[in-house]
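To keep things clear, I will list the structure first and then write my remarks on it.
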Amino acid sequence: MTTKNIYEVFDEVAAAATEEDKRQALIKNDTPALRLVLRAAFHPNIKFVFTEPVPYKRSDVPVGLGESTLHKEIWRIYLFEDGNPRVSPNLTLERKFQLLTQILESLETREAEVYMNMILKDLKVDGLTRELVMSVYPGLI
């Protein structure tokens, strides 16, 4: 079984008719990357240094042929968290901007949108709420 892109999971959640169907879509597609995206987007204590979308060149590669994937790049999200103790104090905002731009440009367009929306704390997925995430993943948020 192949792992779906996060945006594919979100499409499934948005298309689900009932809240239980949305829950099942999350459960069926559970991955560490999905959990990290949901935690970053919905946890009230996680704040990011960027509050506006970062401009970047959108990828024009066909689906599945991106330079990287959200499943790989999600592990660097901590670099953009405000006050994360793992981030070197020498890492400037300008360098964070460069790193985020590089990550976004390495992803397929829809994956880059998920990454940026996660940082902006608005995943833009119909029916995907903090309450739903808490019911599927108690203790995550």
CG (Leu132) and CG (Leu26) are apart, to the nearest 0.5 Å, by 5.5 Å
Heavy-atom side-chain proximity of Ile74 to Met118 below 4.5 angstrom:
yes
Can you list the steps and then say if Leu123 with Phe42 is a side-chain contact (heavy atoms from CB on, under 4.5 Å)?
CA-CA 9 Å; Leu123 293 173; Phe42 289 110; 3.9 Å; yes
With no hydrogens and no angle check, just 3.5 Å: does a side-chain donor-acceptor pair link Gln102 and Gln98?
no
Residues Asn5 and His71: closest non-hydrogen pair is CA-NE2, 4.4 Å
Taking it one step at a time, do Leu99 and Leu91 satisfy side-chain contact (heavy atoms from CB on, under 4.5 Å)?
CA-CA 10 Å; Leu99 288 169; Leu91 187 61; 4.1 Å; yes
Just jot down the side-chain hydrogen bond (donor to acceptor under 3.5 Å, both in side chains) partners of Tyr56, sequence neighbours excluded, or say none.
Arg58
Working to the nearest 0.5 Å, report the span between CG of Asp122 and NZ of Lys124.
4.0 Å
Glu81 vs Ile46, side-chain contact (heavy atoms from CB on, under 4.5 Å): CA-CA, chis, key distance, verdict:
CA-CA 7 Å; Glu81 287 181 32; Ile46 296 176; 4.0 Å; yes
Set of residues satisfying salt bridge (charged side-chain N to carboxylate O under 4.0 Å, His left out) with respect to Arg95, sequence neighbours excluded:
none
Tell me, please, which residues at least two apart from Glu52 pass side-chain contact (heavy atoms from CB on, under 4.5 Å).
none
Could you list the residues that satisfy side-chain contact (heavy atoms from CB on, under 4.5 Å) with Ala14, not counting sequence neighbours?
Val125, Asp126
With rounding to the nearest 0.5 angstrom, report the CZ to CG distance, Phe50 to Leu100.
5.5 Å
Tell me, please, which residues at least two apart from Thr31 pass side-chain hydrogen bond (donor to acceptor under 3.5 Å, both in side chains).
none
With a cut-off of 6.0 Å (strictly less than), are more than 12 heavy atoms of other residues, nucleotides or ligands near CD of Glu20?
yes
Glu73: which residues meet the salt bridge (charged side-chain N to carboxylate O under 4.0 Å, His left out) condition with it, sequence neighbours left out?
Arg76
Lys4: which residues meet the side-chain hydrogen bond (donor to acceptor under 3.5 Å, both in side chains) condition with it, sequence neighbours left out?
Glu12
Between Ile119 and Tyr115, is the side-chain contact (heavy atoms from CB on, under 4.5 Å) condition met? List the steps.
CA-CA 6 Å; Ile119 287 173; Tyr115 206 96; 4.0 Å; yes
Identify each donor-acceptor pair in which a side-chain atom of residues 103-113 lies under 3.5 Å from a protein atom, sequence neighbours left out, and give them as a table.
residue	atom	partner	partner atom	Å
Glu105	OE2	Lys57	N	2.9
Ser106	OG	Ile103	O	2.8
Glu108	OE1	Tyr7	OH	3.2
Glu108	OE2	Gly64	N	2.5
Thr109	OG1	Ser59	O	2.7
Arg110	NH1	Asp11	OD2	2.9
Arg110	NH2	Asp11	OD1	2.6
Arg110	NH2	Asp11	OD2	3.1
Glu111	OE1	Leu70	N	3.1

Applying side-chain hydrogen bond (donor to acceptor under 3.5 Å, both in side chains) to Thr18 and not counting sequence neighbours gives Asp21
Sorted by chain and number, sequence neighbours left out, side-chain contact (heavy atoms from CB on, under 4.5 Å) with Pro44 holds for Arg130, Ile141
Could you list the residues that satisfy side-chain contact (heavy atoms from CB on, under 4.5 Å) with Lys72, not counting sequence neighbours?
Ser68, Thr69
With a 3.5 Å cut-off and sequence neighbours excluded, list the donor-acceptor pairs that the side chains of residues 33-41 form with protein atoms.
residue	atom	partner	partner atom	Å
Arg35	NE	Asp30	OD1	2.9
Arg35	NE	Asp30	OD2	3.3
Arg35	NH2	Asp30	OD2	2.9
Arg39	NE	Leu140	O	3.4

Has the side chain of Arg23 got a donor or acceptor atom that lies under 3.5 Å from a matching backbone atom of Ser135?
yes
If you take all heavy atoms of Pro53 and Leu120, which pair is closest and at what distance?
CG-CD1, 3.8 Å
Donor-acceptor under 3.5 Å (Lys22 side chain, Val13 main chain)
yes
Any donor-acceptor pair under 3.5 Å from Lys121 side chain to His43 backbone
yes
Shortest non-hydrogen contact between Val114 and Phe10, atoms and distance:
CG1-CE1, 3.9 Å
Nearest heavy atoms of Phe48 and Ile77, plus distance in Å:
CE2-CG1, 3.7 Å
